[in-house]
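Have a look at the structure below before the remarks.
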Amino acid sequence: MSLGEETTGPSSRRRSILMVGLPGSGKTTYLAALWHAIRVAPPGSDLHLVRMPDELEYLNRLADDWIACEQAAHSSLGTSRRTTLELQGPGDGHVQLSLPDYSGETIRQAWTSRRWPTSFDRFVGGASGLLLLVHPDDVEPHVTLDAVEGSLDKIASDLNPEQPDPTLRPEPFDPDRAPTQTILVDSLQLIRSRSRRRRIPIAVCVSAWDAVGDGEPGGWLSARLPLLAQFLQSNADVLPASVFGLSAQGTAWPPPEGERVPDSPEDRPWVIAADGTPADGIAAPIRWILRSL
Amino acid sequence: MKAPEAMTAAPRRRGRGVALDSALAIPFGDIPEELSGARVIVLAGPVDSGKTTLVASVYELLQDGPFGGYGFAGSRTLMALEERCHEGRVASGLEVPKTRRTASTEVGDLIHLSVSTTSPGGGTRRQILVNDVTGERFAALVEHPAGASSMPVLARADRVQVVVDGAAVFDRATRDRFAYKAEVLARTMVDHAQLRPGTLIDAVVTKLDLMTKRSEVETAEGIAKRILDRLPETRRGQLVVTCARSATPGRTATGTGVDAALALWAGDVAVQSR
């Protein structure tokens, strides 16, 4: 038995995948699209539902919103809706896949308050893999004064001949305004430190990729979140990672006027791999994690 | 190869939830076991000579991508690094970048950086702990050199980098007084600090961007060379000229020479690139 698996029967393995991201990163929408894809996957495909879950209230609510292309209600802090799906995994028998939908505030507040909920900590301890979601429109950069000064030097001196005021008092340091990549690296370090596993595969999913347009998700990560990209590359032996670009709705949100939305909901979502080539459906990041364990 | 920055301390359970690592600077007496083999770098110099800016600069440059042949591999002190970078960022509301002064209560605190080599087939992680002791503490050592023997961080140092403030070169009297104190400080390290065999002392010139004339750079380098020349050969390290944050990016790029300082921190041979 490899690390990250527990047997629940002669041919069933329990996997838990932790889905993390800052608020608005697309976790709940991804879960809705994933549930739909797994539900309709035909028997014989490499990630299909073996048995309908005992409880469906939360998934039904997500499905309602997702099918109607409406924004799913964000999870609130300290609450999670654990979704456990009994699946036929890629080539290794039954898989019990547990995917709690924790609020993005859990990660943001862990950065500032240096605490997270006990239930979250328990899940972190045993998680087999991570889905890290990032929204491309919600990346807080680090902007240094000398970088701005360098690029705007001439414009500034033309428009405002006054010298900068060296006596200006700085705004107090506010950790909430830290760069997105710093907070994400911190969360991965905390997860790694609280995990009981030596090796945790991470599928980095850039959500709303339809809004990014051209390019490759791997290149996007290196360009927009270089600290995170370096961190993952430097720790590939213990945190192997793969980057995906995904569109859980298949279109911008709300769909632009006149844009044709596929009739069938399962035809809407799409995923591309790190190099920009099409991946195998919305469940591709989950498959990658399961294969990487 | 070591795992990245794993915490070994049991979680503190106070209030709601599980308490996590603080991400603040690490007190010297609390170096976690997994960082016990980290390289310790002590930056020694007067107030406002550019010690903290040098540390902040390495982190800011890594925020933009691999730097000087190194990639960012983690830090247990991310909050401390963010705080030290704050006054150089637009978010501070300032118009001119500054660096937050190291508080007197932070004597002995360490900033952690893990970097990995980015060369093909590389990827070896290096753990670095940088001590940005307050300038006041080093000013006190110039008056009372024997005090160096009671600074345990010096006994653990792999390199001590005496900072030569590039802003001190413009006025002769200031320059000569500065050079005198820097030489005394370097020699204090040799004679009074409990340095381990093999610990080297470097001379790091800061604020290259402020020096507009070649002669000014040569003057600063001259001070640094004299510091090194007057050290016993067994303690003599390297001379590095840096611009950690450029006020004149058109003339001197931010990061100039910082790559060489980082290579020394990481334990590699520094190659000054200017």
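What you see below is based on every heavy atom in this structure, not just the backbone, and it leaves out hydrogens, waters and symmetry mates. Quick note on labels: first sequence line is chain A, next is B, and so on, each numbered from 1.
Here the CZ-CD distance, from F72(B) to Q181(A), works out to 9.0 Å after rounding to the nearest 0.5 Å. Here the CD-CD1 distance, from E82(B) to I183(A), works out to 8.0 Å after rounding to the nearest 0.5 Å. Between the CD atom in E34(B) and the OG atom in S193(A) there is a gap of 9.0 Å [rounded to 0.5 Å]. One distance of note links CG of L78(B) with CG of L227(A); it measures 7.5 Å at 0.5 Å rounding. With values rounded to the nearest 0.5 angstrom, L62(B) atom CG is found 10.0 Å from H142(A) atom NE2.
Sequence neighbours left out, not one pair with a member in residues 62-75 of chain B passes salt bridge (Lys or Arg N to Asp or Glu O under 4.0 Å). Within the structure, ring-ring contact (aromatic ring centres under 6.0 Å, His included) contacts touching residues 172-197 of chain A (residues at least two apart or in different chains) are F173(A)-H86(B).
A 4.5 Å side-chain heavy-atom check between F120(A) and V18(B) finds every atom pair outside the cut-off. Using a 4.5 Å heavy-atom threshold, the side chains of Q230(A) and Y70(B) count as separate.
Inspection of the Y59(B) and T182(A) side chains reveals an N or O donor paired with an N or O acceptor under 3.5 Å.
Proximity to chain B is limited to the backbone of P172(A), based on heavy atoms less than 4.5 angstrom apart.
In this structure, A19(B) and R115(A) approach most closely via the heavy-atom pair N-NH1, 3.9 Å.
Counting non-hydrogen atoms of other residues, nucleotides and ligands closer than 6.0 Å to CD of Q233(A) gives a total of 12 or fewer. Residue R177(A) qualifies as open at atom CZ: its count of foreign heavy atoms under 6.0 Å is 12 or below.
Most heavy-atom pairs under 4.5 Å with chain B: of the set L225(A), L232(A), D174(A), V185(A), this distinction falls to V185(A).
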Discussion item. Please determine whether salt bridge (charged side-chain N to carboxylate O under 4.0 Å, His left out) holds for the pair R125(B) and D237(A), giving the CA-CA distance in whole Å, both sets of side-chain angles, and the decisive distance to 0.1 Å.
Written reply: CA-CA 11 Å; R125(B) 284 186 288 267; D237(A) 54 334; 3.1 Å; yes
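Taking the charged nitrogens against the carboxylate oxygens, D186(A) and R76(B) have no contact shorter than 4.0 Å, which rules out a salt bridge.
A donor-acceptor contact shorter than 3.5 Å is absent between the side chain of E87(B) and the backbone of P170(A). With R114(A) contributing its side chain and L20(B) its backbone, the two residues share no donor-acceptor pair below 3.5 Å.
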